Amino acid sequence: MIGALVLTAETMTTAWLLYVPVLCWAIWRSPWVELFTDSRRQHLLFGTVFALFLLWLVRRDFDTGVSYHFIGMTAVTLLLDWPLAILGALVAQVGLVALGRQDLAALGVNGLLFIGLPVLVTEACAMLVERAQPKSPFVYIFCSGFLAAALAALLCLLLALGLLWFEGLFEMPIWLSDFIGYLWLIIFPEAFINGMIVSALVVFSPEWLETFNRTRYLSAPWNEGRSGDDT
């Protein structure tokens, strides 16, 4: 998470101009009728927002204006689908702003980097997996969970680092090679947390995952063999 003191006013304004259309598009594509009529989906949304808010509270703040916390948006996207994932994360952001744990001026930058980008990566991975139509749920868990979270964390870190370097207000480390060595310490836990959440949902509550094709992944292979014998 990037603080406003290491960003220029032009960058924060530009980020807001990009973030607002993303929010409007998410509002337009959200399944409001299903959300208002399905209490189970409402509970999932409220519980996910609260869990995401608590996850973002557990972070390490640095005096330089940068904070580190796990993202968690991969599991949220697979659970709620991308429109509600973006809006739910926005509510969690507003909660952080209300507690003074995030700068309102930098909310657009952080929203694009740590909400919009992970959602985009996760949605792209899920679409590629669905296009391949694998029958093993382990493919879904690994590609849409572990791999998507790792890739999202890597891109978020690299783009955030590039933005800070471009702004020139953040004191960059002398040896970037030392910084790159820490990427594994950030990417692996992010992938592990999201992957384990997705794994638990697939095993215990697959109906909660909006992007999980239960008909294909959980179909009994012996039924296919029996139907082939009958024909």
Side-chain angles (χ1 to χ4, degrees), residues 1-3 19-20 22-61 66-123 126 141 144-146 148-150 152-153 156 160 186 189-212:
M1 187 176 297
I2 304 176
Y19 191 40
V20 170
V22 172
L23 296 176
C24 293
W25 182 245
I27 293 174
W28 177 259
R29 295 298 302 272
S30 295
W32 296 112
V33 176
E34 297 178 9
L35 182 62
F36 287 132
T37 57
D38 190 355
S39 60
R40 178 188 64 86
R41 203 164 190 179
Q42 296 173 13
H43 296 157
L44 284 177
L45 176 61
F46 298 148
T48 302
V49 170
F50 183 69
L52 197 60
F53 173 73
L54 294 180
L55 178 65
W56 288 352
L57 279 179
V58 181
R59 69 189 204 184
R60 175 68 168 87
D61 296 323
V66 176
S67 303
Y68 166 72
H69 63 76
F70 293 111
I71 303 174
M73 287 304 301
T74 296
V76 173
T77 304
L78 297 178
L79 184 64
L80 300 177
D81 209 357
W82 72 267
L84 291 180
I86 292 177
L87 297 180
L90 173 65
V91 176
Q93 271 190 304
V94 173
L96 293 178
V97 172
L99 292 181
R101 304 299 300 273
Q102 184 175 169
D103 298 327
L104 179 61
L107 190 144
V109 174
N110 291 313
L112 288 176
L113 284 177
F114 308 114
I115 295 177
L117 182 59
V119 169
L120 178 62
V121 172
T122 304
E123 188 69 15
I141 294 173
S144 299
F146 285 94
C156 287
I186 301 175
E190 181 72 28
F192 180 80
I193 291 176
N194 286 272
M196 293 307 297
I197 293 175
V198 173
S199 301
L201 290 173
V202 168
V203 173
F204 297 105
S205 299
E207 68 278 3
W208 290 6
L209 292 166
E210 293 294 331
T211 57
F212 186 75

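Please read all numbers here as calculations on a predicted model, not as lab measurements.
Legend: salt bridge (charged side-chain N to carboxylate O under 4.0 Å, His left out) pairs involving residues 91-116, not counting sequence neighbours, sorted by first then second residue: D61-R101. Sorted by first and then second residue, the side chain to side chain donor-acceptor pair (under 3.5 Å) pairs involving residues 190-200 (not counting sequence neighbours) are E190-N194. Pairs passing the salt bridge (charged side-chain N to carboxylate O under 4.0 Å, His left out) check and including a residue from residues 195-207, sequence neighbours excluded, do not occur.
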Name the atoms and distances for all side-chain donor-acceptor pairs under 3.5 Å in residues 73-83, with sequence neighbours left out.
from: T74; atom 1: OG1; to: T122; atom 2: OG1; distance (Å): 3.2
from: T77; atom 1: OG1; to: M73; atom 2: O; distance (Å): 2.7

Under 3.5 Å, which donor-acceptor pairs link side chains of residues 43-57 to any protein atom two or more places apart or in another chain?
from: H43; atom 1: ND1; to: S39; atom 2: O; distance (Å): 3.4
from: T48; atom 1: OG1; to: L44; atom 2: O; distance (Å): 2.6
from: W56; atom 1: NE1; to: F70; atom 2: O; distance (Å): 3.3
from: W56; atom 1: NE1; to: I71; atom 2: O; distance (Å): 3.0

Which side-chain N or O atoms in residues 106-114 pair as donor and acceptor under 3.5 Å with protein atoms at least two apart or in another chain?
from: N110; atom 1: OD1; to: I2; atom 2: N; distance (Å): 2.8
from: N110; atom 1: ND2; to: I2; atom 2: O; distance (Å): 3.1
from: N110; atom 1: ND2; to: Q102; atom 2: OE1; distance (Å): 3.4
from: N110; atom 1: ND2; to: A106; atom 2: O; distance (Å): 3.0

Report all side-chain donor-acceptor pairs from residues 24-38 shorter than 3.5 Å, counting only partners two or more places apart or in another chain.
from: S30; atom 1: OG; to: A26; atom 2: O; distance (Å): 2.5
from: W32; atom 1: NE1; to: I27; atom 2: O; distance (Å): 2.8
from: E34; atom 1: OE1; to: R41; atom 2: NH1; distance (Å): 2.5
from: T37; atom 1: OG1; to: V33; atom 2: O; distance (Å): 2.8
from: T37; atom 1: OG1; to: E34; atom 2: O; distance (Å): 3.3
from: D38; atom 1: OD1; to: R40; atom 2: N; distance (Å): 3.1

Run the side-chain contact (heavy atoms from CB on, under 4.5 Å) check on L96 and M1 step by step: do they pass?
-> CA-CA 11 Å; L96 293 178; M1 187 176 297; 3.8 Å; yes
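Among residues two or more places apart in sequence or in another chain, the side-chain contact (heavy atoms from CB on, under 4.5 Å) test is passed with V66 by T64, L164, F170.
Here the side chains of M196 and F146 are in contact, with some heavy-atom distance below 4.5 Å. For the pair L120 and E123, the minimum side-chain heavy-atom distance is 4.5 Å or more. Looking at heavy atoms from C-beta onward, L209 lies in side-chain contact with V202 at the 4.5 angstrom threshold.
Minimum interatomic distance between A89 and I115 (heavy atoms only, all atoms of both residues): CB-CD1, 3.4 Å. Closest of all the heavy-atom pairs between G195 and I141 is O-CG2, 4.3 Å.
One finds the CG atom of L23 at 7.5 Å from the CD1 atom of I86 (value rounded to the nearest 0.5 Å).
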